[in-house]
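Notes to accompany the following structure.
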Number of protein chains: 2
Amino acid sequence: MSEEFDPVMPMSKPRANPLFLRDEDLRQAMELLFFAYRDFTDEPDSILAQYGFGRAHHRVIYFVGANPGMSVSDLLGILRITKQSLSRVLSQLLKEEFIEQLTDEADRRRRLLYLTQRGQDLENLLTERQSKLIARAYREAGADAVAGFCTVLRGIINDTDRRRFTIDE
Amino acid sequence: MSEEFDPVMPMSKPRANPLFLRDEDLRQAMELLFFAYRDFTDEPDSILAQYGFGRAHHRVIYFVGANPGMSVSDLLGILRITKQSLSRVLSQLLKEEFIEQLTDEADRRRRLLYLTQRGQDLENLLTERQSKLIARAYREAGADAVAGFCTVLRGIINDTDRRRFTIDE
DNA sequence: TAAAATACGTCAGCTATGTTGACATATTTT
DNA sequence: AAAATATGTCAACATAGCTGACGTATTTTA
């Protein structure tokens, strides 16, 4: 039953050309994603904890910061969680004045979301930390690697959300 | 999207380094990671749900599958959760015979973890799905992009765990 | 214009997965 | 013999998902 694989899994670079994909290469990708995502969220998580917030609050703050005036249903579509789940964190953020919502006068059913100054400050703090991590990795890797990084990640994302990311720029 | 503020331009070296990192590029990276990780875990999550398992079970099954004979503390070190958290999922997996543990005869305090046939079957199913997603993205992106993808992700991972991924050319 | 659909919110309860802290047991190291 | 290590367990708690039911305001549609 035990396959006698290497316990520490030394992995090698995918070799060139006709892109022959070994199981090992694919496993490496999965582990890279696991470790990178774990470390990517680590520092924000500890900052948020000081505010009594969690990663769910971060997501809301991040996306509202990136898309000021987005509606609640826009946000639900991005996060892919239920409105009941969102409600819990959003209510907190509204109550503690990190986010404010204004009725859309063009469709008064809709509530448009904005960061308050407080929310903006927290967003800046969180994004700054993550930016530094990414920026360092980007600089060390170089422009070509960055392009490849983006290309592969886009390929992992479903067709619909992939359209959020244009290739040019 | 608002570009009225510019919280984090990496202050370091406006070098001959050709990599101009704009706030927008860094935000794109964060969003790519968010969406990719969300979609990467989506299909396994629904398979696991049919077994009454969650993502935590997947991690245990995955890493034990990749490192047969690893100890409980090895696993704790990778997952970075408390032993109490691990205990809950590990106990379930032992009880339902997806994992078995054998006492290490060289150090009888240690319990070495292995997948049972059942565990192996589930691991195969889950890994197969994720492999297909990654393989498609890899093939569409090409070998150079794949290399860049790995390089950047390695750069995001902390120094210690980064050593798991050696580029032995 | 009445009915249906949409956008949003809320109450209640459940599950999964993380946390601390305390304590126990077996085994190995000092 | 004492200390450190590896593992396990009990209890209590928090975060963040989920389903289902229901309510209200507003817009769209038949």
Side-chain angles (χ1 to χ4, degrees), chain A residues 34 37-38 41-42 44-64 69-96 99-114, chain B residues 34 37-38 41-42 44-64 69-96 99-114:
Chain A
F34 168 75
Y37 200 78
R38 189 198 60 180
T41 52
D42 188 61
D45 282 354
S46 39
I47 294 172
L48 289 155
Q50 296 165 10
Y51 288 75
F53 294 151
R55 199 176 297 177
H57 301 83
H58 188 185
R59 287 170 180 157
V60 171
I61 286 175
Y62 176 85
F63 283 108
V64 172
M70 76 190 307
S71 71
V72 173
S73 59
D74 289 341
L75 190 51
L76 286 173
I78 285 178
L79 300 177
R80 294 243 197 102
I81 58 176
T82 60
K83 63 178 176 176
Q84 295 93 327
S85 289
L86 176 58
S87 169
R88 190 163 29 206
V89 296
L90 187 53
S91 301
Q92 262 183 284
L93 291 168
L94 290 166
K95 189 176 180 184
E96 301 185 29
I99 284 186
E100 61 182 348
Q101 55 182 194
L102 306 178
T103 297
D104 180 359
E105 291 304 328
D107 180 345
R108 297 181 46 79
R109 292 170 304 182
R110 294 161 60 87
R111 301 295 132 80
L112 307 185
L113 304 172
Y114 298 91
Chain B
F34 168 74
Y37 200 78
R38 188 197 62 181
T41 52
D42 188 60
D45 283 353
S46 39
I47 295 171
L48 288 155
Q50 295 165 12
Y51 289 75
F53 294 151
R55 200 175 297 176
H57 300 83
H58 187 185
R59 289 172 181 155
V60 171
I61 286 175
Y62 176 84
F63 282 108
V64 172
M70 76 190 307
S71 70
V72 172
S73 59
D74 290 341
L75 191 50
L76 286 173
I78 285 177
L79 299 178
R80 294 245 196 104
I81 58 176
T82 59
K83 64 177 176 177
Q84 295 92 328
S85 286
L86 176 59
S87 170
R88 191 162 30 207
V89 296
L90 187 53
S91 301
Q92 264 182 281
L93 291 168
L94 290 167
K95 189 175 180 184
E96 302 185 29
I99 283 185
E100 62 182 347
Q101 53 182 196
L102 306 179
T103 298
D104 180 0
E105 290 304 328
D107 179 346
R108 296 180 47 78
R109 292 171 302 181
R110 292 160 60 88
R111 301 294 131 79
L112 307 185
L113 303 172
Y114 299 91

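Convention: sequence-line order gives letters A, B, ...; per-chain numbering from 1. Keep in mind the model is a prediction, meaning the values are calculated, not measured.
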Both A:D104 and B:S91 contact DNA chain D. Taking the nearest nucleotide for each, which residue is further toward the 5' end?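 That would be B:S91.
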
Check: D:dT5 base within 3.5 Å donor-acceptor of B:R109 side chain: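 Indeed there is one.
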
Under 3.5 Å donor-acceptor, A:R59 side chain and A:I78 backbone: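 Not confirmed, A:R59 side chain does not pair with A:I78 backbone.
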
A:D42 backbone acceptor or donor facing A:D45 side chain under 3.5 Å: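 Not at all, since once roles are kept as given, no pair shorter than 3.5 Å links the two residues.
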
Between P of D:dT9 and CZ of B:R111, the distance in whole Å: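 After rounding, the gap between these two atoms is 10 Å.
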
Calculate the interatomic distance between B:L90 atom CG and D:dT9 atom P; express it in whole Å.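 About 9 Å, once rounded to whole Å.
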
Using a heavy-atom cut-off of under 4.0 Å over every strand shown, decide if A:S85 touches base, sugar-phosphate, or nothing.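 Answer is base: heavy atoms of A:S85 come under 4.0 Å of a base.
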
Contact class for B:T82 vs. all strands (heavy atom < 4.0 Å): base, sugar-phosphate, or nothing?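 Since a base atom lies under 4.0 Å of B:T82, the category is base.
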
Side chain of [X]: nearest nucleotide among [options]?
| X | options | result |
| --- | --- | --- |
| A:Q84 | C:dT17, D:dT19, C:dA7 | D:dT19 |
| A:Q101 | D:dC18, D:dT7, C:dG9 | C:dG9 |
| B:R55 | C:dT17, C:dT19, C:dT27 | C:dT17 |

How are the rings of B:H58 and B:Y62 set to each other: parallel, tilted or perpendicular (split at 30° and 60°)?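 B:H58 vs B:Y62 ring planes: perpendicular.
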
For a quick test of reading the model: is some side-chain N or O of B:H57 closer than 4.0 Å to OP1 or OP2 of C:dT17?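 Checking C:dT17 against B:H57, a side-chain N or O does come within under 4.0 Å of OP1 or OP2.
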
Contact under 4.0 Å: B:S71 side-chain N or O vs D:dA6 OP1/OP2: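 For D:dA6, OP1/OP2 do not have a side-chain N/O of B:S71 under 4.0 Å.
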
